[in-house]
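Position 1 is the first residue of the sequence, and the numbers go up from there. Each ligand, and each atom within it, is numbered from 1 in the order the structure gives.
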Amino acid sequence: MNTAAPTEFEFQFLEEGFSARDIVEQKINESSMTDDRDAFYVCDLGDVRKKHLRWVRALPRVTPFYAVKCNDSQAVVTTLASLGTGFDCASKTEIQLVQSLGVDPSRIIYANPCKQVSQIKYASAHGVQMMTFDSEVELMKVARCHDNAKLVLRIATDDSKAVCRLSVKFGAPLKACRGLLERAKELGLDVIGVSFHVGSGCTDANSYTQAIADACCVFHMGDELGFNMNLLDIGGGFPGVDDAELKFEEITAVVNPALDKYFPADSGVKIIAEPGRFYVASAYTLVVNIIAKKVIMDEESASDEEDEGTTDRTLMYYVNDGVYGSFNCILYDHAHCLPTLHKKPKPDETMYPCSIWGPTCDGLDRIVEQCNLPDLQVGDWLVFENMGAYTVAASSTFNGFQRPDIHYVMSRPSWQQVQQICSQGMPAPVEESCLFEVSACCGQESNLEMSTKPCQARVV
Ligand SMILES: *Cc1c(COP(=O)(O)O)cnc(C)c1O
C-alpha cells in the first residue's frame, strides 16, 4: 500500500483484490498491537464515486448538488467536485470550503432560506447567485445586499412521513407563494425557480410527486408575473443505504415520471437536487473498541444454578465513541445504529442481551439500548457500518473525547475513473456513464455489481 496526495487530501490506494473491509481488518490488527485502540473510521471514496454513477443512471435529468452539511470532509467534497456535482451550501464557511477547491460559483446553490445579512453579502462578493428564500423579510434582505441574486422559492411539503421533518422550519405554504412572487417583482428581484425538501429520511415516495406538482403550480404563478422560471430543485431525502425503508430506486421510479409529466424535457427547465446522505452514508465504517464492561446478574436465574442454556445476565459494554461524538446521529438524525462483530461468533456461541454506551460521563450517552451480542472482553472491537451521514459533521469533543481518525481509501480503477470524469466533464447522458462503467471493468475493478447488462450491450 502506498499513499497518494493528488490534491488536498490523502488517501491510500487499495491494492488489487483488497476492499475497504480489508483495511478495517488491517487497522484493527495494527491497533491491537498497541495500547491505544482508539476508535477510527475507514472511508471508501470509491463508494462515493459508485453512488454518483448510480445517481446519473437513475436520475439522468437531475443534476446533484451535494448537501455539504451532511459530511463536509475535504476528501468527500473534493471527490464530488472532481465528479462534477454541484453543491448545496448553507453558510459562508461551506461556500468557502467548496470555492477553495476551485468549484465555479455557478455550481453552488446557497440553499438556506434564512441567511445572515453579512453572509448574503459574502455570497454576492464571491459570485454565488442562486439562493433560496421562503419569506418576505428574506426578499428585502437580498434586495439590499445582493446585486444579482437568482432566487429560488422554497415551498413547504408534506413531510409527515419523513424521519427528520424540515417543513416545520422552512418552506412557504402554497397559498403564500403568489404574494411572495409579487413582492419579489416589486423589489426588482429575479426569481428563477422553486425548491423543496420532502424531509430527510423520507419514507413515502408520493411526497415527491405532490411536491413536484405543487412546484409546477408555482412555476405558472411565476410565469404569469413575468419571471423566467427555469430551475426546479427537488431537494434531498434520498436514502444512503440499501436496506432503507424506502429504496432509492423506489423513489426514482416515482420521481422520473412526475418530472416528465410536470416538467417535460422540452420545457427547458433545468432540474437539480440536493442529496446529502445518499452520497456518503455507506462510504464510512466506524470501528470502536470496548473500554469497559459490566455484568448484571439476573436475580431469578442466578439463584437457579441448574438453569443451563438460557442467559442469566445482561451485559453493558462501554466503547470509545458515543452520542457526543460520531453517534450524535442517534440524537439529531434519529438513527438506529447496530454493530457487527469483528470476530465471527462460533455457531453455538451464547448470546446475551446487551446495551452499548459511549465513553462520556453523561447518562444520555447510550448507543444501543438492547441488542444481542456474545460475551466480549475489554479490548475487543465492534464495527458500525453506514456511518458517513450526519456523524463526523456534527460531532463534538465533549468531555475530552477526541474524534476518531479517518482513513480514506480508494481503488486504483476508481481513482482513474474519477480523473477521467473530471477531465471529460459531467457524465450526464446514460450512454456515457455506461462507457465509464465498461472502462472500469477493463480496469479490473473488483466490484462489478454496477455494470448492468443492457448498458454493456449498448456500448458494444
Ligand atoms: C439537509 C438538507 C439536504 C440534504 O438532505 P438529505 O436527506 O441528507 O439528502 C438538502 N437540502 C437542504 C436544504 C437541506 O437542509
* Minimum-distance protein heavy atom relative to atom 7 (O) of ligand 1 -> Ser200 OG, 2.4 Å
* Asked: Judging by distance only, is a nitrogen or oxygen of Gly276 under 3.5 angstrom from one on ligand 1?
  -> yes
* Examine ligand 1 and decide if any of its atoms is less than 4.0 Å from a heavy atom belonging to Tyr390. => yes
* Positive for side-chain contact (heavy atoms from CB on, under 4.5 Å) with Val323, one of Thr360, Asp362, Asp365, Asn328 -> Asp365
* To do: Please answer whether the main-chain N or O of Thr78 pairs with a side-chain N or O of Ser82 as donor and acceptor at a distance below 3.5 Å.
  => yes
* To do: Taking only heavy atoms of Ala67 into account, list the atoms of ligand 1 that are under 4.0 Å away from them.
  => 3 (C), 4 (C), 10 (C)
* Structure fact -> Under 4.0 Å from one or more heavy atoms of Gly236, ligand 1 contributes atoms 9 (O)
* Please report which non-hydrogen protein atom sits nearest to atom 3 (C) of ligand 1, along with the residue it belongs to and the distance in Å to one decimal place. => His197 NE2, 3.3 Å
* Asked: N/O to N/O below 3.5 Å, does that happen between Arg154 and ligand 1?
  -> no
* Say whether Gln96 and His126, considering side chains only, have a donor N or O and an acceptor N or O under 3.5 Å apart. => no
* **N or O contact, Pro275 vs ligand 1, cut-off under 3.5 Å** => no
* Please check if the side chain of Lys141 supplies one atom and the backbone of Lys115 the other of a donor-acceptor pair under 3.5 Å. => yes
* Counting from 1, what ligand 1 atoms have a heavy atom of Ala111 closer than 4.0 Å? -> 13 (C)
* Asp88, portion touching ligand 1 at heavy-atom distance under 4.0 Å -> side chain
* Which protein non-hydrogen atom lies closest to atom 2 (C) of ligand 1, naming both residue and atom, and how far is it? -> Lys69 NZ, 2.3 Å
* So among Thr203, Asp204, Thr209, which one has a side-chain contact (heavy atoms from CB on, under 4.5 Å) with Ser207? -> Asp204
* **Minimum heavy-atom distance Ala215-Val194, with the two atoms named** => CB-CG1, 3.8 Å
* **Contacting atoms of ligand 1, where contact means under 4.0 angstrom from a heavy atom of Gly237** => 6 (P), 7 (O), 9 (O)
* To do: Report yes or no: do Ser160 and Asp158 form a side-chain donor-acceptor pair below 3.5 Å?
  => yes
* To do: Would you kindly say whether Asp88 and Tyr110 are connected by a side-chain donor-acceptor distance under 3.5 Å?
  => no
* Atoms of ligand 1 close to Glu274 [distance to a heavy atom under 4.0 angstrom, numbered from 1] -> 3 (C), 4 (C), 9 (O), 10 (C), 11 (N), 12 (C), 13 (C)
* Judged by atom type as modelled, is there a donor-acceptor pair below 3.5 Å linking the side chain of His146 to the main-chain atoms of Asn148? -> yes
